[in-house]
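Read through the structure below, which is laid out as structure tokens, and then see the notes.
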Amino acid sequence: DVKIICGAIKARNVGGRIIEFLRLVHCFEGGIDTHILNMILASVATANGDVALSLWYNGMSSREAAVITEFLRLNPSLKRLTLRGNRFDDGDAA
């Protein structure tokens, strides 16, 4: 369950055992929706930077691009974000 995973990530980060790399590949049948994406990003943000996040092949598209853009604006210290294999197009890069 996503809530359990995100809670565990937050608990580790707050406890000083920072998760430095999180890879979620082909994890969500039907894709990651904006609600789930927000939960994942919020849990990663508790590390206060220096985190690499990979969300490969999770069916994200234009809806999620806005969520990711806002997250990056508020969390510029994210070490790396990999979004390979999602359904973004050139308009999402603008």
Side-chain angles (χ1 to χ4, degrees):
D1 181 60
V2 175
K3 288 182 183 181
I4 293 170
I5 293 169
C6 291
I9 292 168
K10 287 179 186 178
R12 280 186 59 108
N13 289 343
V14 171
R17 297 173 312 196
I18 305 298
I19 291 185
E20 297 175 6
F21 184 79
L22 178 62
R23 179 181 289 165
L24 299 171
V25 180
H26 289 287
C27 289
F28 302 91
E29 188 175 321
I32 293 178
D33 62 25
T34 56
H35 175 72
I36 291 173
L37 180 60
N38 274 314
M39 286 192 320
I40 293 167
L41 295 175
S43 66
V44 168
T46 61
N48 295 319
D50 245 10
V51 175
L53 176 62
S54 292
L55 298 170
W56 296 3
Y57 300 95
N58 282 298
M60 290 185 287
S61 62
S62 297
R63 290 183 315 264
E64 292 76 33
V67 173
I68 292 167
T69 300
E70 181 66 8
F71 174 77
L72 292 173
R73 188 180 70 75
L74 297 173
N75 298 280
S77 60
L78 184 67
K79 187 177 193 176
R80 181 176 51 237
L81 176 63
T82 308
L83 301 168
R84 181 179 302 156
N86 286 288
R87 297 182 304 225
F88 298 114
D89 59 27
D90 290 344
D92 297 322

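- Between C6 and S43, the shortest heavy-atom distance links the atoms O-CB, 3.6 Å.
- Cluster membership check: I40 shares its hydrophobic cluster with L72, using side-chain heavy-atom separations under 4.5 Å among Ile, Leu, Val, Met, Phe, Trp and Tyr.
- Cluster annotation: L22 and M60 are assigned to the same hydrophobic cluster (Ile/Leu/Val/Met/Phe/Trp/Tyr, side-chain heavy-atom contacts under 4.5 Å, transitive).
- Side-chain contact between F71 and L81: absent, with no pair of heavy atoms (C-beta onward) separated by less than 4.5 Å.
- With respect to I68, the side chain to side chain contact (heavy atoms under 4.5 Å, CB included) criterion is satisfied by exactly one of L83, L53, N86: L83.
- Residue pairs meeting the salt bridge (charged side-chain N to carboxylate O under 4.0 Å, His left out) criterion with at least one member in residues 70-86, sequence neighbours excluded: E70-R73.
- At a threshold of 4.5 Å between side-chain heavy atoms, the hydrophobic network of Ile, Leu, Val, Met, Phe, Trp and Tyr places Y57 and L55 in two separate groups.
- The structure places OG1 of T69 at 11.0 Å from CG of L74, a figure rounded to the nearest 0.5 Å.
- The side-chain heavy atoms of D33 and I36, taken from C-beta on, include a pair separated by under 4.5 Å.
- Cluster membership check: F88 does not share its hydrophobic cluster with W56, using side-chain heavy-atom separations under 4.5 Å among Ile, Leu, Val, Met, Phe, Trp and Tyr.
- Contact detail for E64 and I32: the closest heavy-atom pair is OE2-O, 3.3 Å.
- In the hydrophobic clustering of ILVMFWY residues, with side-chain heavy atoms under 4.5 Å counting as a link, F21 and V14 come out apart.
- Remark: side-chain polar atoms of R87 are not paired, donor with acceptor, to backbone N or O of S61 under 3.5 angstrom.
- Taking 4.5 Å as the limit, every side-chain heavy atom of I19 sits out of range of all side-chain heavy atoms of V51.
- Listed by chain and number, the residues in a side chain to side chain contact (heavy atoms under 4.5 Å, CB included) with N38 are V67 (sequence neighbours excluded).
- Distance check: T34 OG1 to M39 CE gives 10.5 Å after rounding to the nearest 0.5 Å.
- One distance of note links CG of N58 with SG of C27; it measures 5.5 Å at 0.5 Å rounding.
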